There are 2 protein chains.
Amino acid sequence: MVKAADRAKNPARSSVWLETRTSRSGGGPAGLDRDRIVAAAIRMLDEEGLAKLSMRKLAAELNVTAMSLYWYVDTKDDIIEYAVDTVYGEIDLAAVDAAGDWRDRMRVLALDYRRMLVRHPWMSPCAGYYLNIGPHAIAVGGKIQETIRDTGLPMDRQPSAMSAVFQFVYGYGTIQSQFESRAAQAGMSQNEFYGESIKAFRDDPQFMEALEPMTDLLDERASHGSVTEIWDRDFDYALDVLVAGIEVMVARESAAGTGT
Amino acid sequence: MVKAADRAKNPARSSVWLETRTSRSGGGPAGLDRDRIVAAAIRMLDEEGLAKLSMRKLAAELNVTAMSLYWYVDTKDDIIEYAVDTVYGEIDLAAVDAAGDWRDRMRVLALDYRRMLVRHPWMSPCAGYYLNIGPHAIAVGGKIQETIRDTGLPMDRQPSAMSAVFQFVYGYGTIQSQFESRAAQAGMSQNEFYGESIKAFRDDPQFMEALEPMTDLLDERASHGSVTEIWDRDFDYALDVLVAGIEVMVARESAAGTGT
DNA sequence: AGAGTCCTTGTACGGTGTACGAGACCTAGT
DNA sequence: ACTAGGTCTCGTACACCGTACAAGGACTCT
């Protein structure tokens, strides 16, 4: 029989989800449970960040020794992979179905996806690192696919359009959550942090050279409202661009299909 | 006077680039040098990945003790931040200028950016984690901005369009490099790895349910050519979508500008 | 009472980033 | 020539990390 530890040591093992899963539900004295472990991990990740999470601290949070966790999980990485998938589950897929046409549904999904990434700043690096093939991530993927299908694009173009939209959302969510958590870490409001960054740039001639064409814009933005509003407004407009682009491509494909 | 170590310990310190930099060029017996350290770090990161890089191993590579590195650098994180910026420097900005209109320039830049991310699989998580405000990253940002400016979009819309394009490139590069390095780690070709993943899905009823609408497509793709070609083709088409979207928005904005 | 299964723990190993202080070298000033 | 100070390297040490291993407690079944 292959032991759990051996499986985990296999360098070709790409994901927890590609293993035959054992439930190991917790009838033990500590009332432990993989769900409870993952939930605690998520809480700690949200509060302290990815770098600060350790098995010992996580165990302490659950009033247990570090090694107890290994009964439910093969490695620390597995906990994080479970956490990632659990957080994918926070995206409200029912709300997507409730929305109108594909444009609305895509918007609702994109907004909720981004909100999720920003709410959990550790998610972006993790989601970029692991194969996201847990049940919740797959469900989100399926919903994205469903949404794109209704655009009317030919099937072999749909994955490409999916990428255009949701890789953008991922990238955007990444830098936004990055920015926000840096600001929080520095103990500043987002507006303050933005202002300080601009000021630091302005003092450095090297930056000014490369960014010269941008400075007017940066100033204008700094004085123009809260940073949060700018994030929202830019995101919205980018989605407009994507919707418009898809519409054009649909028209083109159908024109090509009918022989011009 | 503020010592280097104290600066590094400051929790509000957001980036190496926001500090007054001391050059510390290496006239020492070991011929060390910050550039040499960073170059070695990049080589090791490319070969072994982010998780395997340690100060001791990096130092050994340079025939030096771990602590020697700290003369040139405050923390390990700083080395990585320098490495990230150095790799941004690999993007060929001159080639962008040589290309034709904004569509071509945007394409050239996007392709090279993606190539860079795929060539250095550790880049995506790192670029997502650090503020990318080193000189090379800023230069790339400036070039992106220059490119987008020529679309004719009003200035306050340009950052949004920049996001749409280059956050997409970042996201796309992230999953592609992720996929490729997983395949390599598993000792398979990309086609083999793709096939194995599909097979694993097919054996799991839970996956099949969520992905049911996609399976035909996945099969079609698996039989349709090399995975590498698919990556390229999808990326290209997504850029088409983005270009088309920007063109539409330009037309709309100018229509609105002239009062319809 | 004994055996077996499930869960938790203590201990220990080899690794990590890096603080601190002691040197080795070189260069400048007297 | 001799010293002083700056520049660079190293050895040691600390606290912490992920986790292998084996021993134990609790509970169930026979």
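Fair warning: this is a prediction, and the values are worked out from it, not measured in the lab. To find a chain, count down the sequence lines: A is the first, B the second, and so on, and within it residues start at 1. The figures here come from the full heavy-atom set of this structure, side chains too, leaving out hydrogens, waters and symmetry mates.
- Residue B:Ile79 contributes atom CD1, which lies 14 Å from atom P of C:dT16 at whole-angstrom precision.
- With sequence neighbours left out, the ring-ring contact (aromatic ring centres under 6.0 Å, His included) criterion links B:Trp231 to B:Tyr172, B:Phe179.
- Here A:Tyr72 reaches the OP1 or OP2 of C:dT8: one of its side-chain N or O atoms lies under 4.0 Å away.
- Applying the salt bridge (charged side-chain N to carboxylate O under 4.0 Å, His left out) rule to pairs touching residues 112-138 of chain A yields A:Glu90-A:Arg119, A:Asp112-A:Arg115, A:Arg114-A:Asp232, sequence neighbours excluded.
- Atom CG in B:Leu62 sits about 10 Å away from atom P in D:dT9, given to the nearest Å.
- Residues A:Ser163 and B:Phe168 come closest through the heavy atom pair O-CD1, 3.5 Å.
- The side chain to side chain donor-acceptor pair (under 3.5 Å) check on B:Ser197 picks up nothing, with sequence neighbours excluded.
- Scanning for ring-ring contact (aromatic ring centres under 6.0 Å, His included) contacts around A:His136 gives an empty result, with sequence neighbours left out.
- Listed by first and then second residue, the salt bridge (charged side-chain N to carboxylate O under 4.0 Å, His left out) pairs that reach into residues 40-55 of chain B are B:Arg43-B:Glu61, sequence neighbours excluded.
- Computed from coordinates, the B:Lys57 NZ to C:dG17 C1' distance equals 13 Å when rounded to whole Å.
- Annotation: salt bridge (charged side-chain N to carboxylate O under 4.0 Å, His left out) contacts involving residues 171-194 of chain B, sequence neighbours excluded, are absent.
- Under 4.0 angstrom from either OP1 or OP2 of D:dT9 there lies no side-chain N or O belonging to B:Trp71.
- Within residues 38-55 of chain A, the residues approached by DNA chain D to less than 4.0 Å at the level of any non-hydrogen atom are A:Leu53, A:Ser54, A:Met55, in residue-number order.
- Residues passing the side chain to side chain donor-acceptor pair (under 3.5 Å) test with A:Asn132, sequence neighbours excluded: none.
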Protein-nucleotides 9-13 of chain C N/O pairs closer than 3.5 Å?
residue	atom	partner	partner atom	Å
C:dT9	OP2	A:Thr65	N	2.9
C:dT9	OP2	A:Thr65	OG1	2.7
C:dT9	OP2	A:Ser68	OG	2.7
C:dT9	O5'	A:Thr65	OG1	3.1

